[in-house]
*Asks:* 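Below: one structure in structure tokens.
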Amino acid sequence: MTIDKLSKTNLHFEVKTYPQDEGGQIEKKKLKERFDQANVQLGKGKHFFQNVVAPIAELTSTWTWVGLVCFPEIADKNVFKEVLGVEDNDLKYILTKKEMADAKWMDELNLGTVAATDEEYKRLLAVL
């Protein structure tokens with residue numbers, strides 16, 4: 001989990017190692033299983049942030065939560081489009097080896113431009 005004060009965003013990263021062996025073949029069933037597992041965890045993280053963290057930290061409704069699935073062993077996110085049929089708009093929430101090599105992926109998220117106040121940010125950090 002990373003907090004971006006400049007955009008009032010909680011970035012939740014769920015990392016999955018697949019394939020496990022170097023140069024391993026990508027199997028649709030196993031990739032889907034890992035992808036689905038990551039999304040279940042992200043759902044739990046979103047629920048936790050919205051229903052526990054945000055109320056305790058007294059965050060305003062302008063805070064957002066963004067879930068990202070990370071597969072550092074997969075070369076390119078197009079694998080998810082080709083193998084699992086992930087829609088283009090959802091690909092920006094998937095990070096692979098290529099995206100982790102540079103920070104352009106964060107620009108694709110189009111995060112907000114209103115920064116959190118120091119007080120709000122401190123309350124959030126105190127909860128975490």
Side-chain angles (χ1 to χ4, degrees):
M1 182 182 309
T2 300
I3 304 301
D4 182 37
K5 181 182 178 186
L6 297 176
S7 66
K8 289 187 170 185
T9 304
N10 173 33
L11 296 162
H12 178 160
F13 298 90
E14 189 63 34
V15 181
K16 296 296 179 189
T17 54
Y18 181 79
Q20 298 268 334
D21 55 336
E22 190 173 320
Q25 295 295 317
I26 294 177
E27 298 174 31
K28 181 178 181 176
K29 181 181 176 186
K30 288 184 180 179
L31 179 61
K32 181 168 178 17
E33 186 177 283
R34 298 296 194 288
F35 187 69
D36 290 346
Q37 288 171 349
N39 282 310
V40 165
Q41 288 302 113
L42 288 174
K44 291 177 181 179
K46 182 176 184 176
H47 183 267
F48 178 71
F49 182 77
Q50 291 176 336
N51 297 299
V52 178
V53 174
I56 292 172
E58 299 176 10
L59 300 181
T60 62
S61 62
T62 55
W63 275 84
T64 59
W65 176 94
V66 175
L68 298 150
V69 179
C70 306
F71 282 85
E73 301 300 321
I74 294 180
D76 188 282
K77 67 171 81 180
N78 284 322
V79 168
F80 293 89
K81 183 177 182 177
E82 295 165 5
V83 176
L84 299 182
V86 174
E87 299 290 326
D88 287 337
N89 191 48
D90 294 330
L91 287 175
K92 67 184 174 184
Y93 302 107
I94 299 172
L95 303 179
T96 61
K97 187 180 290 187
K98 180 179 178 182
E99 288 76 32
M100 290 180 199
D102 67 45
K104 287 192 285 184
W105 60 267
M106 194 142 171
D107 294 335
E108 291 179 15
L109 296 175
N110 296 316
L111 301 177
T113 57
V114 177
T117 64
D118 287 341
E119 286 304 312
E120 190 173 39
Y121 187 66
K122 287 177 186 176
R123 285 195 312 268
L124 176 58
L125 293 181
V127 171
L128 297 176

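In this chain, numbering begins with 1 at the start of the sequence shown. Since this is a predicted model, take the numbers as computed values, not measurements.
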*Asks:* For Lys81, is the NZ atom crowded, meaning more than 12 foreign heavy atoms sit under 6.0 Å from it?
*Replies:* no

*Asks:* Name all residues meeting the ring pair (Phe, Tyr, Trp, His ring centres under 6.0 Å) criterion together with Tyr121; count only those two or more places apart in sequence or in a different chain, and write none if there are none.
*Replies:* none

*Asks:* Within the side chain of Glu108, is there an N or O that forms a donor-acceptor pair under 3.5 Å with the backbone of Trp105?
*Replies:* no

*Asks:* With a 3.5 Å distance limit and no angle check, can you tell me whether Asp90 reaches the backbone of Val86 through a side-chain donor-acceptor pair?
*Replies:* no

*Asks:* Do the side chain of Asp107 and the main chain of Ala103 share a donor and acceptor less than 3.5 angstrom apart?
*Replies:* no

*Asks:* Has Glu14 got a side-chain atom pairing as donor or acceptor with Gly67's backbone, closer than 3.5 angstrom?
*Replies:* no

*Asks:* Return yes when atom NZ of Lys5 has more than 12 non-hydrogen atoms of other residues, nucleotides or ligands closer than 6.0 Å, and no otherwise.
*Replies:* yes

*Asks:* Would you confirm whether the ring centroid of Tyr18 sits within less than 6.0 angstrom of the ring centroid of Phe35?
*Replies:* no

*Asks:* So, using side chain to side chain contact (heavy atoms under 4.5 Å, CB included) as the criterion, who are the partners of Asp76 when residues are at least two apart?
*Replies:* Asn78, Lys98

*Asks:* Listed by chain and number, what are the salt bridge (Lys or Arg N to Asp or Glu O under 4.0 Å) partners of Lys122, not counting sequence neighbours?
*Replies:* none

*Asks:* So, the side chain of Lys77 versus the backbone of Leu91: is there a donor-acceptor pair under 3.5 Å, distance only?
*Replies:* yes

*Asks:* Under the 3.5 angstrom rule, does the side chain of Arg123 hit a backbone N or O of Glu58 as a donor-acceptor pair?
*Replies:* yes

*Asks:* Can we say Glu73 and Lys16 salt-bridge, meaning some charged N sits less than 4.0 Å from an Asp/Glu carboxylate O?
*Replies:* no

